[in-house]
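The structure appears right after this line, and notes come after that.
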Amino acid sequence: MKFAIQVDKLRKQYGEHRAVKGISFTVEEGTLFAFLGANGAGKSTTIEILCTLLEKTSGTVKINGHTLDASNDNAEIRKSIGVVFQQSLLDERLTVRENILHRGKTYGLSRGQLAENYQFVSTYLHLEDIEKRKYGTLSGGQKRRADIARALIHRPKILFLDEPTTGLDPQTRQFVWQAIKQLQLETNMTVFLTTHYMEEAAVAHHVIVLKQGEIVAEGTPDALKTKYAYDSMALVFHNSAEGSKWLKDNAISYTEKLGIYTIRVDSTLHALDLLKKAEPFIASFEVIKGTMDDVFLHIMAEEGAA
Ligand SMILES: Nc1ncnc2c1ncn2[C@@H]1O[C@H](COP(=O)(O)OP(=O)(O)OP(=O)(O)O)[C@@H](O)[C@H]1O
């Protein structure tokens, strides 16, 4: 197994404030890695350190085999990563194409290589319709596409994205997110992202939940869902009194709201088993799968609200 990122006991202190408290984790090459956390958890601080933009207080960090803060390594790290932050870095007065090509030149790419790379980013981010427009005139979603294209022009091994879809409308968010996922899958690039959207974290290979500078949970989305979320089943009975009696007689705990009885189930098969037994009483039912939202809420509640 090859690691794109290795972080060991990373700490960051702003004066007296301990923003990151000795976290350790690894990111496998070619995976999509999601960093979750409530506001102020330390996500941006961590990502800025990994991208060489902020000095760490202590700990070791390796990016693509280069050790952060070792001689010349930070320059090598910068060449091998692409970064998209919440604030854009593109020039409002230049066209999208000019902005991206200008960025490519700062990496010393040859004319041929630059043209090839531009074609690559343009295809993935669908730049055809916006490349001739000035960056300052674009919508939020169009800007985001250009931001990501700029970060990819030198074909980095790792793409860092700090809340890439925050503030976008749902349709644009979906579009940008599809492009990121497709890129990751088809080019085997490592993608490290912070996000507030649980459905985005749900498709990551690995998720870390950060709280007040510490890792409070990590694993695959499935493992986290198994541990922190559960499936439930909503039942409507022909006769509520008879239905609730059946639940009580079978020692099944439930909550009830407006005649809908919700019970916890271990799995879909468990739900099926219960349905067979309670069939004479049931007018309708719905099995509700546990979500990453449940995971996040559960972890936040468990560890005390931020
Ligand atoms: N330059 C700074 N000086 C002092 N404290 C800071 C500085 N930058 C961040 N902090 C503090 O460090 C903690 C972590 O902040 P950080 O921005 O990394 O969190 P975050 O998880 O990215 O939050 P958000 O989701 O709101 O962006 C917060 O308590 C924040 O107030």
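As the structure lists them, so they are numbered: ligands from 1, and atoms in each ligand from 1. This is a predicted model, so every value here is computed, not measured.
A donor-acceptor contact closer than 3.5 angstrom links the side chains of S139 and Q142.
Aromatic ring pairs are classed by plane angle as parallel below 30°, tilted from 30° to 60° and perpendicular above 60°; the pair F25 and F35 is tilted.
Looking at R144 and D147, a side-chain N of the basic residue comes within less than 4.0 Å of a carboxylate O on the acidic one, giving a salt bridge.
For residues 33-47, there are no salt bridge (Lys or Arg N to Asp or Glu O under 4.0 Å) pairs, not counting sequence neighbours. For residues 247-264, the pairs satisfying salt bridge (Lys or Arg N to Asp or Glu O under 4.0 Å) are K245-D249, with sequence neighbours left out. Listed by first then second residue, pairs satisfying ring pair (Phe, Tyr, Trp, His ring centres under 6.0 Å) with a partner in residues 144-191 read Y107-H154, H126-F175, F160-F192, not counting sequence neighbours.
Within 4.0 Å of ligand 1, the residues that place a heavy atom are Y14, H17, A19, A38, N39, G40, A41, G42, K43, S44, T45, E163, H196, listed by chain and number.
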